[in-house]
Participant: 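Pasting a structure below so you can have a look.
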Amino acid sequence: MLSINQSTDQLINLLTTLADSSLIMSQRLSEWTGHGPALEQDIAMTNIALDYLGQARHFYQYIAALKMDGSTEDSIAYLRDAHQYRNHLLVELPNGDWGQTILKIFLFAAFQKPLYEQLQQGKDEHLAAIAEKSLKEVNYHLSWSSDWVIRLGDGTQESKERMVKAIDYVWDYTGELFELISVEPIAINYDLIMQAWFDTLEKIFDKATLLIPSRKPYQTGGLKGNHTEHLGFVLAEMQWLQRVYPNSEW
């Protein structure tokens, strides 16, 4: 039987990964603002970045309420160093070209969908409410990115080559998505999440005439604070305002 403190610590650990992953994904996607291939897609990408930012805020607010140590969503988001972040490595990778960014959104949304579906059925009512709201956004992210994966994969020779190159680069960072985060009494079945993720990939990649790599992804460490060299640069830009002008608010 876990103590209340142990259970709360586990929940905070889960929330931190959910929040950090959404926040860093948001920051990365915001880099496309004003640089999209067309105005409609530029706006769509910016809105998706804002969706992820909203998810992060909800999670950080819940963390602050659980900690009861004076932490705020701003201090948690902006006043930690890279080794204190617990985001998945996938979201901190460079955007690359349009195809690589689309692939990152697709792979992450295909993971978030079954995860949030489970969380919204969980016993933690606050987390369930966040998951339910976020799931509506994730469904759109998955649909929008799936259409683009198909469009690029089954498009021109150049677009297909770019997608193949993106898959080869990003794939090794996907295994970490299914690393177990133990939380009691919240039951997360990562086997079901992985199966749903693979089913989605098989369906969309088949339409896109793309192949799922046969090699096992091996990059890991983000959930323990061991990140790529890219995260430091992301945080330097993202945290600059808060660190130079303390107590700024969202």
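Computation of the quantities below employed the complete heavy-atom set of this structure, encompassing side-chain atoms and omitting hydrogens, waters and symmetry-equivalent molecules.
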Participant: Walk me through whether Trp98 and Gln41 qualify under side chain to side chain donor-acceptor pair (under 3.5 Å).
Facilitator: CA-CA 10 Å; Trp98 182 256; Gln41 305 309 325; over 6 Å; no

Participant: Could you check if a side-chain atom of Thr17 sits within less than 4.5 angstrom of a side-chain atom of Asn87, using non-hydrogen atoms only?
Facilitator: no

Participant: Taking Ser21 for the side chain and His88 for the main chain, is one N or O donor matched with an acceptor at less than 3.5 Å?
Facilitator: yes

Participant: Let me check something: do Leu180 and Leu119 share a hydrophobic cluster, defined by ILVMFWY side-chain heavy atoms less than 4.5 Å apart, either directly or through other members?
Facilitator: yes

Participant: With sequence neighbours excluded, what pairs up with His126 under the ring-ring contact (aromatic ring centres under 6.0 Å, His included) test?
Facilitator: Tyr62

Participant: Stepwise, does the salt bridge (Lys or Arg N to Asp or Glu O under 4.0 Å) test hold for Arg162 with Glu158?
Facilitator: CA-CA 6 Å; Arg162 286 175 179 263; Glu158 180 181 356; 3.1 Å; yes

Participant: Restricting to side chain to side chain contact (heavy atoms under 4.5 Å, CB included), what partner residues turn up for Glu179, sequence neighbours left out?
Facilitator: Glu176, Thr220, Leu223

Participant: When rounded to the nearest 0.5 angstrom, what distance separates OG1 in Thr228 from CG in Leu93?
Facilitator: 6.0 Å

Participant: Answer yes or no: is there a donor N or O on one side and an acceptor on the other, between the side chain of Ser134 and the main chain of Ala131, under 3.5 Å?
Facilitator: no

Participant: Please report the C-alpha distance between Gln121 and Glu117 in whole Å, then the side-chain angles of each, then the deciding distance to 0.1 Å, and finally whether the side chain to side chain donor-acceptor pair (under 3.5 Å) criterion is met.
Facilitator: CA-CA 7 Å; Gln121 302 299 324; Glu117 286 174 343; over 6 Å; no

Participant: Can you tell me how far the NZ atom of Lys224 sits from the CG atom of Asn226, to the nearest 0.5 Å?
Facilitator: 8.0 Å

Participant: Using the six-membered ring of Tyr85, assess whether NZ or CZ of Arg80 lies under 6.0 Å from its centre and within 45 degrees of the ring axis.
Facilitator: yes

Participant: Any side-chain heavy-atom pair from Trp144 and Met45 closer than 4.5 angstrom?
Facilitator: yes

Participant: Please give me the minimum heavy-atom distance between Ser26 and Ala49, naming the atom from each residue.
Facilitator: OG-O, 2.7 Å

Participant: Check whether any side-chain heavy atom of Asp81 lies under 4.5 Å from a side-chain heavy atom of Gln84, and answer yes or no.
Facilitator: yes

Participant: Could you tell me which non-hydrogen atom of Gly175 sits nearest to which non-hydrogen atom of Pro217, and how far apart they are?
Facilitator: N-CB, 3.4 Å

Participant: Going by side chain to side chain contact (heavy atoms under 4.5 Å, CB included), name the residues that satisfy it together with Gln118, two or more places apart in sequence or in a different chain.
Facilitator: Ile188, Asn189, Leu192, Ile193

Participant: When you group the ILVMFWY residues by side-chain heavy-atom contacts below 4.5 Å and let the links chain together, are Ile43 and Met25 in the same group?
Facilitator: no

Participant: Can a donor-acceptor pair be found, under 3.5 Å and without considering hydrogens, that links the side chain of Asn139 to the backbone of Leu135?
Facilitator: yes

Participant: Give the table of side-chain donor-acceptor pairs shorter than 3.5 Å for residues 205-212, with sequence neighbours excluded, one pair per line with atom names and distance.
Facilitator:
{"unit_1": "Thr209", "atom_1": "OG1", "unit_2": "Gly153", "atom_2": "O", "d": "3.3"}
{"unit_1": "Thr209", "atom_1": "OG1", "unit_2": "Lys160", "atom_2": "NZ", "d": "2.8"}

Participant: Could you tell me which non-hydrogen atom of Ala64 sits nearest to which non-hydrogen atom of Ser71, and how far apart they are?
Facilitator: CB-O, 3.4 Å

Participant: If we only count heavy atoms from C-beta on, is the Phe106 to Thr200 side-chain gap below 4.5 Å?
Facilitator: yes

Participant: To the nearest 0.5 Å, what is the distance between NE2 (His230) and CD1 (Ile24)?
Facilitator: 13.0 Å

Participant: Could you pull out all residues at least two apart from Arg28 that satisfy side chain to side chain donor-acceptor pair (under 3.5 Å)?
Facilitator: Glu31

Participant: Does the side chain of Arg151 reach to within under 4.5 Å of the side chain of Ser159, using non-hydrogen atoms?
Facilitator: no

Participant: Mind checking whether Leu18 and Ile130 have side chains closer than 4.5 Å, heavy atoms only?
Facilitator: no

Participant: To the nearest 0.5 Å, what is the distance between CG (Asn47) and NE2 (His141)?
Facilitator: 8.5 Å

Participant: Gln100 and Asn95: which non-hydrogen atoms are nearest, and at how many Å?
Facilitator: CB-O, 3.3 Å

Participant: Counting N and O atoms only, with roles assigned by atom type, does the side chain of Ser146 sit under 3.5 Å from a partner on the main chain of Leu142, one being a donor and the other an acceptor?
Facilitator: yes

Participant: Can you name the nearest heavy-atom pair linking Gln112 to Ser22, along with the distance?
Facilitator: NE2-OG, 3.8 Å

Participant: Quick one, Asp199 with Gln195, criterion side chain to side chain donor-acceptor pair (under 3.5 Å). Give me CA distance, side-chain angles, the key distance, then yes/no.
Facilitator: CA-CA 6 Å; Asp199 289 345; Gln195 186 59 57; 2.9 Å; yes

Participant: Kindly state each residue pair satisfying ring pair (Phe, Tyr, Trp, His ring centres under 6.0 Å) with at least one member in residues 153-182, sequence neighbours excluded.
Facilitator: Phe111-Phe178, Trp171-Trp197, Phe178-Trp197

Participant: So, applying side-chain contact (heavy atoms from CB on, under 4.5 Å) with Leu15, which one of Leu66, Val183, Ile181 is it?
Facilitator: Leu66

Participant: Should His227 and Leu89 count as side-chain neighbours, where that means a heavy-atom distance under 4.5 Å?
Facilitator: yes

Participant: In the structure I gave you, are the side-chain heavy atoms of Ile48 and Tyr140 within less than 4.5 Å of one another anywhere?
Facilitator: yes

Participant: Should Lys133 and Glu137 be marked as a salt bridge (Lys or Arg N to Asp or Glu O under 4.0 Å) after you check the CA-CA gap, both sets of side-chain angles, and the distance that decides it?
Facilitator: CA-CA 7 Å; Lys133 181 181 185 300; Glu137 300 167 345; 3.5 Å; yes

Participant: Rounded to the nearest 0.5 Å, how far apart are CD1 of Ile150 and CE of Met163?
Facilitator: 10.5 Å

Participant: Any chance you could measure Leu231, atom CG, to Met238, atom CE, to the nearest 0.5 Å?
Facilitator: 8.0 Å

